[in-house]
Amino acid sequence: MAYKRPPDTYDVLPYPNVKEPWLHTAKWRFVEGVFREVCGRYGYKEIRTPILEQTDLFKRTAGETTDVVSKEMFTFEDRGGRSMTMKPEGTAPVVRACIENGIFATHPTPKLYYIGQHFRYERGQKGRYRQHQQLGVEVFGADNPAIDAEVILLAMSFYREVGVKDQVLRINSLGIPESRVKYREALRNFVRPFLSEMSEEGQGRFEANPLRMLDTKSPKELELLSAAPRLIDFLDAESAEHFGALQGYLNSAGVPYEIDHRLVRGFDYYTRTTFEIAGASLGAQNALGGGGRYDGLVEACGGPKIPGIGFGLGMERCLISLEAMGVQLSIQNEETVQVFLITLGDASLVEAPAVKLLSQLREAGISADKSYRSRKFPQQIKEADEAGASYTLILGDSEIERGVVQLRNQKTKEQTEINLSEIVGEIKKISILSKNF
RNA sequence: GCGAUUUUAGCUCAGUCGGUUAGAGCGCCUGUUUGUGGAGCAGGAGGUCACGGGUUCGAAUCCCGCAAGUCGCCCCA
C-alpha cells in the first residue's frame, strides 16, 4: 500500500463500514442536516471561515499557556514568511470574520452557526482525532442570561432530535476577570500548604494557570482539592445575578442540569457561564460538546466592546455515541436510484437509445442508472435491486423495433409496455403519486 | 511526549508443539446453453503472513528492531 492517511485522521465512505459504522457519509449528512435544521429554527445563520488563520489570532485569544496553543496547533510558515495555523477551534475565526466584515455595525446581535474541520496535533484515541468536524454556534451583542439559556437549549434540542438520549448538562460560572483574580489567589493560598503533594502537572498549573488545577482526574488531587474554595463564592454581584437568572431559565424550561464547581474550560477567553454536555459510551473522551460566554473576546481581537457566547460539539463523538446507544438514524441514502434501465440484445442497436433515455430521465429530475457491464438479464435485475431501484425499464431489440419500453415494478413484478415517447412523462407521474418511489 | 495492545486475501477472522503447497465466511469474477429475481449449483482469481534483522535443518508461529492501527495517560470536541 503506497500511501496512508495522515496519523489520527479518518476517511468517511459512502459504503457501510463493518468496524466503524459511523464512518458513513449518509450518517454525517443526517447529523449535519439535523444541526442545520435546529439552528435555522432558532434563528441562526451559517458562516464559513477559512481553514487557516494567522497564528497570532489563536495565541492571543485562547491563551499562550493553554494546551491547545502551547502544543497542539498545526502551525507552519507560508511562502511569504507568515506564520499560519490550521484552526484548532471555531470561535476566534468567527470573531475575526465579524470584525473584518463590519458585521457588528449593521447587526446588533448576530446569531451564527458553522460546520467545519478543525485541527489539533494530539495523539488519537476513541473520539479524538487530529482533524475533527466541529459544529458550533456563536451569538454576539447580548449579555442577557436568556441568550445563555437559548444556546444551551439549542444544544439540548439538537442532541434530543439527533437521537442522543442520556446527555448530562453541567454548568458553572467563571465570573469576570477581576473576580477571577481574587479567586485565583484564594485557590493558590489553599493549595500552597500541600503543593508538594500535587502531581508535576498540577504544580506546573499552580503558577501558570491555577484554575486548571481543578480539572484534574487524579483521585489524590481530587481529594486534596475537595475542600477548595469555590468559584461561585467569589463571583461579583452581577455575575452571580447572571448565573442565578440562567438557572432560573433552565428550570422553567424544564432542562435538568448540575452545577460543576470544577468546570473550567480549555481557553482563557471564557467569562461567566461555562457549560459542557457529556454522553455515555465514549470511553475516556465523554464530552460531547461544550461552550461558554466570552465577553472580552471581541474587544481583545480589536473589535468593539461586545459580549458573546457560543458552543461547539464534535461530529465524531456524536456519531460514536449514537452508535453505542444503538440508535437507528433515519438516513436518506442519497445513492439510491429510482429507476434502473435494463438493456438486452444487440448493443449496437440498443445502447444509443438507452443513453438517450437515461439522459432524458435524469434531465426530468428522476434519478436513474443502468449497468455498464453488459450483463445478462437476471444479473441486471440483481444490480437494479442493489441500486435500490423501485422500477426497472427494459429496453431490448424487440422494444426498439416497436418503439416501446417495458416498465416493471420491482416489488410487484408487474410489467406494462409503454411508448418510448411517453415513458418519461409516465415515470414523472408515478414519482409524484407514489410516496415510496 | 509516554504506556498497553494489535497487524495473515478487498472485508471479518482461523492457523495447534516451529514441520508438506497458507485456510474459512462474506465480497468479487466466470459458467449454469443465451429476455424476467443468479439469494440455487459448479468453478475461479486474489497473500512479500506490515517491514527489517536474528535463532533454526526448517519461522505466519520463537527473539530483537522498526512502522502503522487501536485503546489509554495529558488535554480536549
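Just so we're on the same page: letters track the sequence lines, and every chain starts at 1. Just the heavy atoms: all of them, side chains too, but no hydrogens, waters or symmetry mates, feed the values below.
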**Message:** Regarding A:Lys413, tell me which of base, sugar-phosphate or nothing describes its non-hydrogen contacts under 4.0 Å with the strands shown.
**Reply:** base
**Fill in**
Test side-chain contact (heavy atoms from CB on, under 4.5 Å), reference A:Val139, set A:Val151, A:Leu112, A:Asp148, output is A:Val151
**Prompt:** Given the P atoms of B:rC62 and B:rC73, what is the spacing between them in whole Å?
**Reply:** 30 Å
**Message:** Need one value for A:Gln415: base, sugar-phosphate or nothing, where a base atom within 4.0 Å counts as base even if backbone is also close, heavy atoms only.
**Reply:** base
**B:rA59 to B:rG54 separation - P atoms, rounded to the nearest Å** = 12 Å
**Request:** Would you indicate whether A:Tyr372, at its atom OH, is surrounded by more than 12 heavy atoms from other residues, nucleotides or ligands within a distance under 6.0 Å?
**Result:** yes
**Request:** Specify the separation, in whole Å, of atom CD of A:Glu383 and atom C1' of B:rC28.
**Result:** 13 Å
**A:Gln54, CD atom: more than 12 neighbouring heavy atoms under 6.0 Å** = no
**Request:** Nearest whole angstrom, please: distance from the P of B:rA39 to the CD1 of A:Ile381.
**Result:** 11 Å
**Prompt:** Expressed as a whole number of Å, how far does the C1' atom of B:rA22 sit from that of B:rG15?
**Reply:** 8 Å
Only distances under 3.5 Å count here; give the side-chain donor-acceptor pairs of residues 355-362 of chain A to other protein atoms, sequence neighbours excluded, each with its distance to 0.1 Å.
{"residue": "A:Arg362", "atom": "NE", "partner": "A:Ala368", "partner atom": "O", "Å": "2.9"}
{"residue": "A:Arg362", "atom": "NH2", "partner": "A:Ala368", "partner atom": "O", "Å": "2.8"}
{"residue": "A:Arg362", "atom": "NH2", "partner": "A:Asp369", "partner atom": "OD1", "Å": "3.4"}

**Message:** Rounded to whole Å, how long is the line connecting atom NZ of A:Lys4 with atom P of B:rA67?
**Reply:** 13 Å
**Message:** Is it true that, when you exclude A:Glu386 itself, more than 12 heavy atoms of the residues, nucleotides or ligands shown sit nearer than 6.0 Å to its CD?
**Reply:** yes
**Beyond-backbone contact of A:Tyr42 with A:Val137, side-chain heavy atoms, under 4.5 angstrom** = no
**Message:** Distance check needed: B:rU36 P versus A:Leu393 CG, whole Å only.
**Reply:** 18 Å
**Prompt:** When the C1' atoms of B:rG35 and B:rA45 are considered, how many whole Å apart are they?
**Reply:** 29 Å
**Message:** Students often get this wrong, so: under 4.0 angstrom with heavy atoms, is A:Ile394 touching a base, only sugar-phosphate, or nothing?
**Reply:** base
**Message:** Starting the side chain at C-beta, find the nucleotide from B:rG69, B:rA77, B:rU70 nearest to A:Arg123.
**Reply:** B:rU70
**Sugar-phosphate, base or nothing in reach of A:Arg265, heavy atoms under 4.0 Å** = sugar-phosphate
**Complete:** Of B:rG38, B:rC74, B:rA77, the nucleotide closest to the side chain of A:Lys71 is B:rC74
**Prompt:** Under the rule syn = chi within 90° of 0, otherwise anti, which is B:rG72?
**Reply:** anti
**Prompt:** Does a sphere of radius 6.0 Å around OH in A:Tyr121 hold more than 12 heavy atoms from other residues, nucleotides or ligands, not counting ones at 6.0 Å or beyond?
**Reply:** no
**Prompt:** Of all of residues 396-406 of chain A, which get a heavy atom below 4.0 angstrom from RNA chain B, listed by number?
**Reply:** A:Gly396, A:Asp397, A:Ser398, A:Glu399
List, with names and distances, any nitrogen or oxygen atoms from the protein found under 3.5 Å away from nitrogen or oxygen atoms belonging to nucleotides 30-34 of chain B.
{"residue": "B:rU32", "atom": "OP2", "partner": "A:Lys376", "partner atom": "NZ", "Å": "3.0"}

**Message:** Quick test of the criterion, 5.5 Å between centres and less than 30° between planes. Is A:His132 stacked on B:rA77 or not?
**Reply:** yes
**Message:** Please report the distance, rounded to the nearest Å, between CG in A:Leu13 and C1' in B:rC11.
**Reply:** 12 Å
**Prompt:** What is the distance from OH of A:Tyr129 to C1' of B:rA68, rounded to the nearest Å?
**Reply:** 15 Å
**Asked** Roughly how far apart, to the nearest Å, are B:rG27 and B:rA42 at atom P?
**Response** 15 Å
**Prompt:** Would you find more than 12 non-hydrogen atoms of other residues, nucleotides or ligands less than 6.0 Å from A:Arg60 atom CZ?
**Reply:** no
**Request:** Taking the six-membered ring for Trp and the single ring otherwise, decide whether the centroids of A:Trp28 and A:Phe35 are under 6.0 Å apart.
**Result:** no
**Asked** Hey, is the side chain of A:Glu122 pairing donor to acceptor with the base of B:rA77 inside 3.5 Å?
**Response** yes
**Request:** May I ask you to evaluate whether A:Gln125 reaches the phosphate of B:rU70, defined as a side-chain N or O under 4.0 Å from OP1 or OP2?
**Result:** no
**Request:** Specify the separation, in whole Å, of atom CD1 of A:Ile320 and atom C1' of B:rU70.
**Result:** 12 Å
**Asked** Has A:Arg128 got a side-chain N or O lying under 4.0 Å from the OP1 or OP2 atom of B:rG72?
**Response** no
**P-based separation of B:rG3 from B:rC74 [nearest Å]** = 16 Å
**Message:** Please determine whether salt bridge (charged side-chain N to carboxylate O under 4.0 Å, His left out) holds for the pair A:Arg128 and A:Glu122, giving the CA-CA distance in whole Å, both sets of side-chain angles, and the decisive distance to 0.1 Å.
**Reply:** CA-CA 8 Å; A:Arg128 190 175 71 188; A:Glu122 311 175 78; 3.4 Å; yes
**Message:** Considering every strand and a 4.0 Å limit on heavy-atom distances, what is the contact class for A:Leu313: base, sugar-phosphate, or nothing?
**Reply:** nothing
**Asked** With the threshold set at 4.0 Å, does a side-chain nitrogen-carboxylate oxygen contact exist between A:Arg29 and A:Glu32?
**Response** no
**Asked** Would you call A:Glu414 and A:Arg408 a salt bridge, using N to O less than 4.0 angstrom?
**Response** no
**Request:** Provide the distance between the two P atoms, one in B:rU36 and one in B:rG23, to the nearest whole Å.
**Result:** 40 Å
**Asked** In whole Å, what is the span from the CZ atom of A:Phe340 to the P atom of B:rG35?
**Response** 16 Å
**Separation between the C1' atoms of B:rG65 and B:rU55, rounded to whole Å** = 15 Å
